[in-house]
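Report on one structure; see the data block that follows.
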Amino acid sequence: MTVTSDDVVALVSDLVRIESVTPWLVPGGAGEAEVARYLADWLSDLPVDVVVDEIAPGRTNLVATLRGTGGGPTLCLNAHADTVGFEGWPDDALQPRVDGDRLYGLGAADDKGCCAAALLAMRELAGTPLRGDLVVACVADEEGVSIGTERLVQQLRADAAVVLEPDALPRLVVEHQGFGWIDVVVHGRAAHGSAPDDGIDAIVAMADIVTRLHRQDVEVFAAHPDPLNGRTVFHTGTVRGGTDYATYPSLCTLGIEIGTQTGERLDDRVAEIEAMIDDVRRDVPELAAEVVVRLEREPFVARGHEPLLACLDRAAERTLGGRLTPSGLNAWTDAALMQNAGIPTLLLGPLGGNFHAPDEWLSISETVSVVDLLVVAAREYLG
Ligand SMILES: [Zn+2]
């Protein structure tokens with residue numbers, strides 16, 4: 001292998017220096033356009049077709065294709081070019097810093113190290129004639145609502161994909177949780193503060209619902225974690241309600257994030273919350289409430305991936321000294337969108353830490369290992 005730690009440090013450092021905060025999360029964030037421009041230039045010496053696809057102003061997918069000689073399958077490597085915001089960083093989020101095996105910086109691990117791994121693997125493979133096509137997609141908006149991968153799967157014809165997100169070798173993610181962003185809306189009745197017989201307190205009713213959700217989290221989700229995907233995700237996110245000190249609140253809205261395990265649907269979670277509302281209504285029959293699903297993302301379950309898995313396992317035996325370990329995740333990734341578009345998908349990535357937090361770091365040596373693994377596996381898979 002000729003990809004070195006220096007190659008990884010050079011490319012990831014350049015990517016960290018380019019701000020690509022997802023504007024969906026942080027208004028004013030730069031998006032991915034500048035990263036795409038930089039990468040198109042980085043790829044210009046290689047025999048690859050490069051498409052910079054502007055999905056919305058400043059929001060771009062970079063899709064690079066290394067054409068094979070024909071008759072082979074197409075493999076896609078997907079990593080995301082956007083990051084979360086700077087929150088909590090002193091002022092050095094965009095200043096990459098190397099300390100031992102760690103490269104620190106915003107997005108170093110999530111997911112610029114993975115963009116770099118995919119591109120370095122492509123550069124390595126560009127020297128060998130292969131039958132199949134290799135596609136590297138550095139996509140937009142994974143930290144938002146995944147407009148990048150949603151666009152990609154409309155255009156891409158691929159026989160298999162590896163989604164790259166920071167994780168840890170030799171783990172290979174074959175399934176992960178889905179999730180929903182849900183509003184619970186409680187309607188009470190406004191009344192003067194001195195008229196308790198007229199008012200219905202929407203906030204008190206909501207407190208009762210929150211208590212029940214918390215009890216479900218402790219007694220069900222925490223007590224019975226999924227063997228692969230861990231504890232079902234649940235937390236409250238936002239709460240709004242009431243108008244002023246002197247008035248019974250007629251409206252309270254709670255925003256939650258809640259997970260689904262493989263085999264479950266978000267409708268199952270909605271039905272559980274509706275049952276909680278029915279319980280609360282026993283004490284307050286006039287209460288009206290509804291559950292509104294704002295975003296639904298299905299769980300990921302790899303299917304049809306066996307040919308690629310066999311190549312990855314053989315590559316792991318050669319480069320890591322043992323096979324990969326089928327694993328799960330309690331987070332959601334674009335792998336679900338790729339798989340649900342009919343592309344057999346697996347997920348892996350290099351070790352890192354402090355994701356979405358100050359001092360995010362990437363393991364440099366493990367990024368080199370990911371490149372080695374991808375190169376050997378792709379060489380066999382693409383023939
Ligand atoms: Zn990520």
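Just the heavy atoms: all of them, side chains too, but no hydrogens, waters or symmetry mates, feed the values below. One-based numbering, in listed order, for ligands and for the atoms of each. Please read these numbers as outputs of a predicted model, since none were measured by experiment.
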Distance under 6.0 Å and angle within 45° of the ring axis: does Arg294 meet both against Trp181? no
For the side chain of Glu360 and the backbone of Asp110, is there at least one donor-acceptor N/O pair under 3.5 Å apart? yes
What N/O/S atom of Glu165 gets nearest to the Zn ion (ligand 1)? OE1
Nearest to the Zn ion (ligand 1), which N, O or S atom of Asp110 do we find?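 Nearest N/O/S atom of Asp110: OD1.
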Can you find a side-chain donor-acceptor pair between Asp141 and Thr22 that sits under 3.5 Å? yes
Closer than 2.8 Å to the Zn ion (ligand 1), do we get an N, O or S atom from Cys114, backbone or side chain?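 No N, O or S atom of Cys114 is closer than 2.8 Å to the Zn ion (ligand 1), so no.
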So, 2.8 Å as the limit: is an N/O/S atom of Asp111 located closer than that to the Zn ion (ligand 1)? no
Show every donor-acceptor pair shorter than 3.5 Å between a side-chain atom in residues 111-118 and any protein atom, with sequence neighbours excluded, or say none if there are none.
residue	atom	partner	partner atom	Å
Asp111	OD2	His80	N	2.9
Lys112	NZ	Leu15	O	2.9
Lys112	NZ	Ile18	O	2.8
Lys112	NZ	Ser20	OG	3.0

